[in-house]
Protein chains: 2
Amino acid sequence: MHYKLAFIGFGNVARSLARLLLRKQNVLKTKYDITFSVTGIATGRHGFAANPAGLDLLGCIEKVETGQSISPESRIPISDSLSVIQNSSADVMFENSPVNTATGQPAIDHVRAALEAGMHVSTANKGTVVHGYRELSALAKSKNKKFYFESTVLGGAPVFSVFRNAFPAADLLSFQGVLNSTTNIILSRMERGETFDQAVKYCQSIGIAETDPTNDVDGWDAAIKVAALVTVLMDTPFTPQQVDRKGIREITPEMIAQAKVEGRRYKLVCSAERVGSQIKARVAPELLPPSSPLYAMQDSTSGLSFCTDVLGDYSIMESEREGMTPGPEPTAYGLFADFINLVS
Amino acid sequence: MHYKLAFIGFGNVARSLARLLLRKQNVLKTKYDITFSVTGIATGRHGFAANPAGLDLLGCIEKVETGQSISPESRIPISDSLSVIQNSSADVMFENSPVNTATGQPAIDHVRAALEAGMHVSTANKGTVVHGYRELSALAKSKNKKFYFESTVLGGAPVFSVFRNAFPAADLLSFQGVLNSTTNIILSRMERGETFDQAVKYCQSIGIAETDPTNDVDGWDAAIKVAALVTVLMDTPFTPQQVDRKGIREITPEMIAQAKVEGRRYKLVCSAERVGSQIKARVAPELLPPSSPLYAMQDSTSGLSFCTDVLGDYSIMESEREGMTPGPEPTAYGLFADFINLVS
């Protein structure tokens with residue numbers, strides 16, 4: 001089967017996905033009988049292009065990376081993302097426009113337009129899940145298409161597909177996890193003797209924390225991920241505002257040193273549990289013993305532990321390989337895996 | 001869709017599966033549109049029954065558990081497992097006869113007969129994977145059926161389905177894990193001050209170690225699981241004999257005490273890696289630091305860490321919930337999950 005692909009948003013993650021698709025062309029063909037062409041690309045600052053006969057993907061990557069516009073590649077002149085969707089004749093749309101956690105826009109409009117046009121959609125954009133999951137899933141179902149978002153919570157490491165396929169007919173009773181890298185790196189570095197400010201500066205220097213680190217440090221990013229997990233895995237619409245949220249600002253070097261003496265450590269724990277017909281969700285620093293599956297999740301390692309009605313506690317964890325530099329590749333793989341699962 | 005099920009082997013795991021199927025009847029119907037009847041049961045010591053019109057499942061469970069024969073339930077008199085398969089008209093066969101790790105028999109014959117008769121097969125029997133994976137998978141494929149075995153390595157916790165669905169088109173470069181509970185409990189208890197003999201006796205008292213613990217202590221069970229993982233996930237036929245194997249007998253209380261002082265601990269580590277076109281696989285005690293994902297796998301906790309070409313290290317881990325008593329339920333869930341995945 002041949003699939004036409006549209007990229008809405010063509011930043012680091014999307015271009016890494018494009019390269020991964022090219023690198024895996026052979027296995028896609030031999031193992032999954034999948035071939036593809038890219039028929040639409042919308043960039044933030046380097047133009048818009050659509051051509052159902054196929055764009056020159058490597059050429060477009062190079063243009064963007066050397067600061068040129070891709071618009072001359074377009075079959076007809078277009079000037080916005082929705083036009084790319086409409087003129088691409090794509091079978092699958094990858095939504096990777098900038099995340100807006102307050103409204104999910106304009107990503108939700110992009111996803112809606114693609115589903116309406118009969119495309120499957122994969123996105124790394126948390127905003128679409130938190131603000132649009134119910135509507136977009138229902139729309140996808142009505143069109144006999146799928147709306148997947150593996151890369152929204154654990155940076156591309158499998159979470160949603162694990163549940164979808166490996167836990168059929170199981171009830172998720174509760175989960176707890178470490179889901180925000182910035183705060184986890186800060187706490188890990190404070191344990192090794194840095195001050196809060198030093199650790200924040202380090203995170204800013206490697207590009208994972210904003211100039212204003214509020215979104216991470218006060219637990220908003222973690223709360224958004226908890227809301228996405230509750231919404232999807234517990235099938236209950238949930239907003240970040242409903243998450244009982246406390247950040248890591250009150251954790252002092254003295255508290256961390258004392259915990260270390262006791263063989264324990266602080267983590268910004270993300271958790272949710274069913275209590276009767278309600279769901280209680282929480283983001284807060286917790287003091288963990290070594291027996292906790294979250295204790296070993298240091299620095300940029302993140303993960304989740306699931307409590308279901310059918311097994312003991314099942315945990316998943318993603319850590320950087322030694323010597324690896326953090327990059328967009330894992331997130332790109334989540335989108336790539338979505339693609340294969342969407343069409344298989 | 002209605003599915004007829006045959007149970008070959010009707011011990012603790014199979015009866016736990018039968019109870020789980022009954023408990024989950026509603027969600028099977030509403031979420032997956034699956035209904036089922038049991039049309040064949042072969043027991044070790046309580047007879048054989050087949051009836052394409054359906055057996056009284058609860059009645060058969062009760063008969064076996066009160067020491068009665070189920071043979072009077074059969075539509076026609078039969079006296080062996082292959083006859084149950086042939087006379088059940090089943091769509092799915094669950095193979096749970098006693099494991100024979102030396103040959104995989106008679107389970108392999110059962111699986112072959114079921115596939116030949118056009119049934120899907122799910123088994124918790126490691127022997128079928130180690131001795132029959134290639135043949136049985138090819139046979140299943142030729143019949144447009146599936147041969148699944150989720151419960152063979154991690155006691156029912158998802159491993160194979162995680163790879164099948166959550167890691168499409170990924171190359172598994174290496175893995176390492178803790179896969180044998182008996183040795184892990186022994187090492188954990190020695191760390192808390194017991195002798196090797198005391199810890200072995202404890203494992204025997206809770207029913208997880210044999211009177212002769214050689215199979216666990218010398219690493220054979222671990223080697224069998226490594227061979228199964230290499231065979232399936234690295235797509236390379238591999239025998240337990242090819243695994244470079246060393247058990248835990250040489251680990252002394254003094255070594256464990258010294259490791260504890262250094263903040264490290266011994267684990268019987270199961271590992272495999274691609275080296276050129278070869279695969280090197282190993283079972284041996286290793287001294288691990290707290291930063292290893294395996295360090296936290298104490299007592300009956302087991303798990304695996306995967307190194308692929310597409311992500312950092314991805315680990316999965318299954319631990320008993322506090323207060324839970326070890327039982328056949330997780331293994332039964334692996335078979336149950338296979339069933340849904342086989343037919344969906």
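Predicted model only: the values in this text are computed from it and were never measured. Below, chain A is the first sequence line, B the second, and so on; all start at residue 1.
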Enquirer: Main chain of Val92(A), side chain of His120(A): is a donor-acceptor contact present, judged purely on distance under 3.5 Å?
Expert: no
Enquirer: In terms of heavy-atom pairs under 4.5 Å with chain A, which of Leu20(B), Val162(B), Asn165(B) leads?
Expert: Asn165(B)
Enquirer: Can you tell me which of Gly303(B), Cys307(B), Gly263(B), Ser315(B) forms the most heavy-atom pairs within a distance under 4.5 Å of chain A?
Expert: Ser315(B)
Enquirer: Please check this pair: side chain of Lys225(B) against backbone of Cys270(B), looking for a donor-acceptor N/O pair closer than 3.5 Å.
Expert: no
Enquirer: Measure the spacing between CE of Met190(A) and CZ of Arg265(A) and express it to the nearest 0.5 Å.
Expert: 14.0 Å
Enquirer: Does any pair with a residue in residues 306-331 of chain B pass ring-ring contact (aromatic ring centres under 6.0 Å, His included), and if so which ones, sequence neighbours excluded?
Expert: Phe163(B)-Phe306(B), Phe167(B)-Tyr314(B)
Enquirer: Mind running side-chain contact (heavy atoms from CB on, under 4.5 Å) on Glu191(B) and Tyr266(B) for me, showing each step along the way?
Expert: CA-CA 9 Å; Glu191(B) 200 180 310; Tyr266(B) 283 96; over 6 Å; no
Enquirer: Taking non-hydrogen atoms and a cut-off under 4.5 angstrom, which of residues 333-344 of chain B neighbour chain A?
Expert: Tyr333(B), Phe336(B), Ala337(B), Ile340(B), Asn341(B)
Enquirer: Is it true that a side-chain atom of Thr182(B) and a backbone atom of Ile208(B) form a donor plus acceptor pair closer than 3.5 Å?
Expert: yes
Enquirer: Would you mind checking which part of Glu318(A) comes under 4.5 Å of any heavy atom in chain B, side chain (CB onward), backbone (N, CA, C, O), both or neither?
Expert: both
Enquirer: Roughly how far apart are Met93(B) CE and Leu5(B) CG, rounded to 0.5 Å?
Expert: 12.0 Å
Enquirer: Does the ring centre of Phe94(B) sit less than 6.0 Å away from the ring centre of Phe7(B)?
Expert: yes
Enquirer: Does any backbone or side-chain atom of Ala170(B) lie under 4.5 Å from a heavy atom of chain A? Answer side chain, backbone, both or neither.
Expert: both
Enquirer: Tell me which of these, Ser161(A), Pro330(A), Ser319(A), Pro290(A), has more heavy-atom pairs under 4.5 Å with chain B than the rest.
Expert: Ser319(A)
Enquirer: Would you say that Phe36(A) contacts Leu22(A) through its side chain, given a criterion of any heavy-atom pair below 4.5 Å between the two side chains?
Expert: yes
Enquirer: Not counting sequence neighbours, list each pair that qualifies as a salt bridge (Lys or Arg N to Asp or Glu O under 4.0 Å) and has a residue in residues 17-27 of chain B.
Expert: Asp309(A)-Arg23(B), Asp309(A)-Lys24(B), Arg19(B)-Glu65(B)
Enquirer: Among Thr301(A), Leu28(A), Thr308(A), single out the residue with the greatest number of heavy-atom pairs under 4.5 Å to chain B.
Expert: Thr308(A)
Enquirer: Looking at Ser291(B), Pro293(B), Pro168(B), which one has more heavy-atom pairs under 4.5 Å with chain A than the rest?
Expert: Pro168(B)
Enquirer: Who among Val27(A), Thr331(A), Ile316(A), Asp299(A) has the most heavy-atom pairs with chain B under 4.5 Å?
Expert: Ile316(A)
Enquirer: Any residues in residues 149-159 of chain B near chain A, with a heavy-atom distance under 4.5 Å, and which are they?
Expert: Gly156(B), Ala157(B), Pro158(B)
Enquirer: What residue in Ser292(B), Ala166(B), Ser300(B) has the most heavy-atom pairs under 4.5 Å with chain A?
Expert: Ala166(B)
Enquirer: Kindly give the heavy-atom pair with the smallest separation between Met297(B) and Lys267(B), and that separation in Å.
Expert: O-NZ, 2.6 Å
Enquirer: Using the rule side chain to side chain contact (heavy atoms under 4.5 Å, CB included), only one of Val230(B), Leu233(B), Val232(B) pairs with Leu172(B); which is it?
Expert: Leu233(B)
